[in-house]
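The chains referred to below are lettered A, B, ... by the order of the sequence lines, with proteins before strands, and numbering in each begins at 1. What's counted below: heavy atoms across the whole structure, side chains too, no hydrogens, waters or symmetry copies.
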Protein chains: 2
Amino acid sequence: MAGPVTLSQVAREAGVSLATASRAINGSANRTVRDDLRERVLATAERLRYFPDANAQAMARGQTTSIGLIVHDIADPYFSSIAAGVSLAAERAGLAVTLASTQHTASREPRFVEVLTRQRARAIIIVGGRLDDPEANDRMRSSLVDFRRSGGSVALVGQPLLDVDSVVIANSQGAAALARALHGRGYRRFAVLGGPAKHLTARDRRTGFAGALEELGTPIDPALVVECDFTRDGGYEGMRALFAGSPDVDVVFAVNDVMAVGAIAAARALRISVPGDVGIAGFDDIVTLRDITPALSTVRIPLVDVGVTATELALAPPAADPRQVHVEGTVVLRESTPERVV
Amino acid sequence: MAGPVTLSQVAREAGVSLATASRAINGSANRTVRDDLRERVLATAERLRYFPDANAQAMARGQTTSIGLIVHDIADPYFSSIAAGVSLAAERAGLAVTLASTQHTASREPRFVEVLTRQRARAIIIVGGRLDDPEANDRMRSSLVDFRRSGGSVALVGQPLLDVDSVVIANSQGAAALARALHGRGYRRFAVLGGPAKHLTARDRRTGFAGALEELGTPIDPALVVECDFTRDGGYEGMRALFAGSPDVDVVFAVNDVMAVGAIAAARALRISVPGDVGIAGFDDIVTLRDITPALSTVRIPLVDVGVTATELALAPPAADPRQVHVEGTVVLRESTPERVV
DNA sequence: AGGCTAGTGGAAAAGGCTTCCCAGCCGGTG
DNA sequence: CACCGGCTGGGAAGCCTTTTCCACTAGCCT
């Protein structure tokens, strides 16, 4: 009685066979259904409010219509922007997105991969910097092998560590370009809020920045590269720690915007004027943070595009070897690092 | 050969029947499997890297393990915070979340409901203020009827318009409390960046605010309630429009934080000092915006909790009549609206 | 010792859909 | 006029699980 309407009901009601009803509704390739029958079926389906069961279709066709998205934290604007891109691209491709937010817990990642393996998702998009944790990466790699054996493809946004197609953000180059731009504005005494030691995205940005400074002949004092969380609070605490030593610094590079915001808050608490006493720069150019005061110098990453690209990559016909798409950032200098009058 | 491992393969390999293998693996109720057999099956499954096909399980059990989440824009921190809550609650319940982001296009909503109907999702969580658009709401209601006929339940975050369980945010009361607090701080000449006319959340906040002012004996001039988009740019343009008339105003209430940020940016462009010349307050207390300057007075809504609550509501055993859970906001006064010396 | 019950394994049905394959009918062709 | 091929409808197999139902064994009670 109750329960969803099935195709059999539609077929019976329309006076045709199951096969014909199916063909009428999803217009099978290389088979045609006589016009009057097709219309009758369509009208009946509409009248009965028939909606094909995607699970049954998935079984019959051996293919689902969903892709998985794994992020560290969907509430973080970095990830939610990329998620917006994934969602957009998925909709274009007629696919549904299954969202998994790991809350920064590495052990959840393979678990979610397994969930998506069971769902037989067409593809998984993994977003978020890898950690320098061989064991965790191995576990991930092995989950992904299982997933791909079950027919899915994978794309990664971040370091191309997992032997899968990757969208690689030019963290190192972006940070280097930022360093040169800051140097060009007259800054000479640099410090870095460097994020977690094992966080590869943070590391790439740190080393890119430091490398460029080295080349410019103003190498950074390693003591002025402080380790901290990759979050707003990390930036806050890092800044406090840094200035506890009253260092000789005219600009601080936080390895992401959210941390830079924390750093600015800390500066305020410490009565250090930004940019009067010290300039601050971030990375990512998070949209929501474009209006903070002082406006933040940063490296713009086209996050939504990154999401779209990753999705397209995952959905493209598989290649023999892992592909890599490189995405460049653009340095955006704003008030937080004005021209420095020496 | 290729393709995912099936239960039959496991059963054959372990030398038991399909039935036994199934029972061994998901420990069927009121049936036991002899220990040695169970272990053999489990070991084989592990060795073969068997992952049950969720689609097939859904068919056989007549129940899926996914819930749908429909938001206006996943990149907006308001929605992504709620999404974080939904994701959390879903994980606890062992369910996967299918994400749909409508990009503020009302016509996409029923389409996504249909997608979720086909997936036979257990529940749908719809987040986002309704519009005062009877036709769109009717279409939505009718999609939801189809969805529920196919066995799913629905919860809504927003105005309880769609005859479903709802988490109702006390927009009007929150705005009223904010108005009283601002009045208490000495403000008397109010303006409102009111959002879109038909946007019900915006409307509730506007009218709650205006109502309280009326009661306080300082009614707001309707000309000083400006209509604008519900976004950062809306706030920016609204503020410009408002001050184009050089109004006699000492505080501006933007109906959400993102708009308030836009308003502050506009004030800066117009060389209006905040809070020197005019105070600004928002609504939502978006985490990412807690560090802007000046720190924003606002009404804190526990967004993550809202997501959790909505999910729990949707997953609770169905009730005869639509339930409503009310969520109160808390006024948080910060630097953007200091005590006003008259 | 015979009959029960409890415990357990397995065959088979069911769940909704797609698609292969067969059959019927049409018109056209030699 | 018989045959052939193209078009189209329908029966049935197959996708992978769960679960019902049946069969069988072993142990217990009277």
Side-chain angles (χ1 to χ4, degrees), chain A residues 1-42 44-45 48-65 117-121 149-151, chain B residues 1-42 44-45 48-65 117-121 149-151:
Chain A
M1 196 85 295
V5 180
T6 69
L7 186 58
S8 313
Q9 293 176 37
V10 174
R12 189 171 341 117
E13 193 84 6
V16 300
S17 76
L18 208 53
T20 303
S22 171
R23 291 196 274 249
I25 285 176
N26 54 32
S28 119
N30 65 37
R31 281 300 303 254
T32 48
V33 174
R34 226 193 316 135
D35 284 351
D36 58 330
L37 285 192
R38 186 189 22 258
E39 276 171 32
R40 210 158 74 210
V41 170
L42 259 28
T44 311
L48 263 41
R49 317 253 56 203
Y50 166 69
F51 299 98
D53 183 321
N55 295 294
Q57 289 185 315
M59 286 211 56
R61 298 210 248 247
Q63 195 180 200
T64 61
T65 55
T117 303
R118 302 164 95 108
Q119 313 254 59
R120 305 289 189 260
R149 220 156 47 103
S150 86
Chain B
M1 196 93 301
V5 180
T6 70
L7 186 57
S8 314
Q9 294 176 35
V10 174
R12 188 169 346 116
E13 194 83 6
V16 300
S17 77
L18 210 53
T20 302
S22 171
R23 292 195 272 248
I25 286 176
N26 53 33
S28 123
N30 65 40
R31 281 300 305 254
T32 46
V33 174
R34 225 193 319 135
D35 284 352
D36 59 330
L37 285 191
R38 186 189 22 260
E39 275 170 31
R40 210 158 73 212
V41 171
L42 260 26
T44 311
L48 263 41
R49 316 252 58 202
Y50 166 69
F51 299 97
D53 182 323
N55 295 293
Q57 290 185 315
M59 284 210 55
R61 300 210 248 246
Q63 197 179 200
T64 61
T65 55
T117 304
R118 302 163 94 109
Q119 313 254 61
R120 305 289 189 261
R149 218 156 48 104
S150 86

Side chain to side chain contact (heavy atoms under 4.5 Å, CB included) between A/R61 and A/N26: does it pass, once the steps are laid out? CA-CA 12 Å; A/R61 298 210 248 247; A/N26 54 32; 3.7 Å; yes
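- Separation of atoms CZ (A/R12) and OG1 (A/T44) is listed at 12.0 Å; rounding is to 0.5 Å.
- Remark: side-chain polar atoms of B/R38 are not paired, donor with acceptor, to backbone N or O of B/A24 under 3.5 angstrom.
- Scanning both residues, A/Y50 and A/T6, for their nearest heavy atoms gives CE1-C, 3.6 Å.
- Distance check: B/L37 CG to B/R23 CZ gives 11.0 Å after rounding to the nearest 0.5 Å.
- Rounding to the nearest 0.5 Å places CG of B/L7 at 11.0 Å from CG of B/L48.
- Mapped onto DNA chain C by nearest heavy atom, B/R120 and B/L37 fall at different nucleotides, with B/L37 at the one closer to the 5' end.
- At D/dG9, none of the side-chain N or O atoms of A/R23 fall inside 4.0 Å of OP1 or OP2 (strictly under the cut-off).
- Each of A/R31 and A/N26 lies near DNA chain C, and the nucleotide nearest A/N26 is the one positioned closer to the 5' end.
- Between the axis at the start and the axis at the end of the helix from C/dA1-D/dT30 to C/dG30-D/dC1 there is an angle of 60°, using five pairs per end and rounding to 10 degrees.
- A donor-acceptor pair is defined here as one N or O able to donate and one able to accept, closer than 3.5 Å; no such pair exists between the side chain of A/N55 and the backbone of B/A56.
- Contact annotation for B/T6: backbone-only contact, meaning every heavy-atom pair under 4.0 Å involves sugar-phosphate atoms and none involves a base.
- Listed here is the closest heavy atom pair of B/F51 and A/T117: CD1-CG2, 3.9 Å.
- Distance CD (A/Q119) to C1' (D/dT17): 15 Å, rounded to an integer number of Å.
- Ion pairing between B/R120 and A/D53 holds under the 4.0 Å rule for side-chain N and carboxylate O.
- In this structure, the separation between OG on A/S22 and CD on A/Q57 is 8.0 Å, given to the nearest 0.5 Å.
- Atom CZ in A/R118 sits about 10 Å away from atom P in D/dT17, given to the nearest Å.
- Across residues 50-64 of chain B, B/A56, B/M59, B/A60 each have a non-hydrogen atom less than 4.0 Å from an atom of DNA chain C (numbered order).
- Contact annotation for B/L18: base contact, defined as any heavy-atom pair under 4.0 Å involving a base atom.
- With values rounded to the nearest 0.5 angstrom, B/R40 atom CZ is found 10.0 Å from B/T20 atom OG1.
- The footprint of chain B on DNA chain C, defined by a heavy-atom cutoff below 4.0 Å, extends from C/dT8 to C/dG16.
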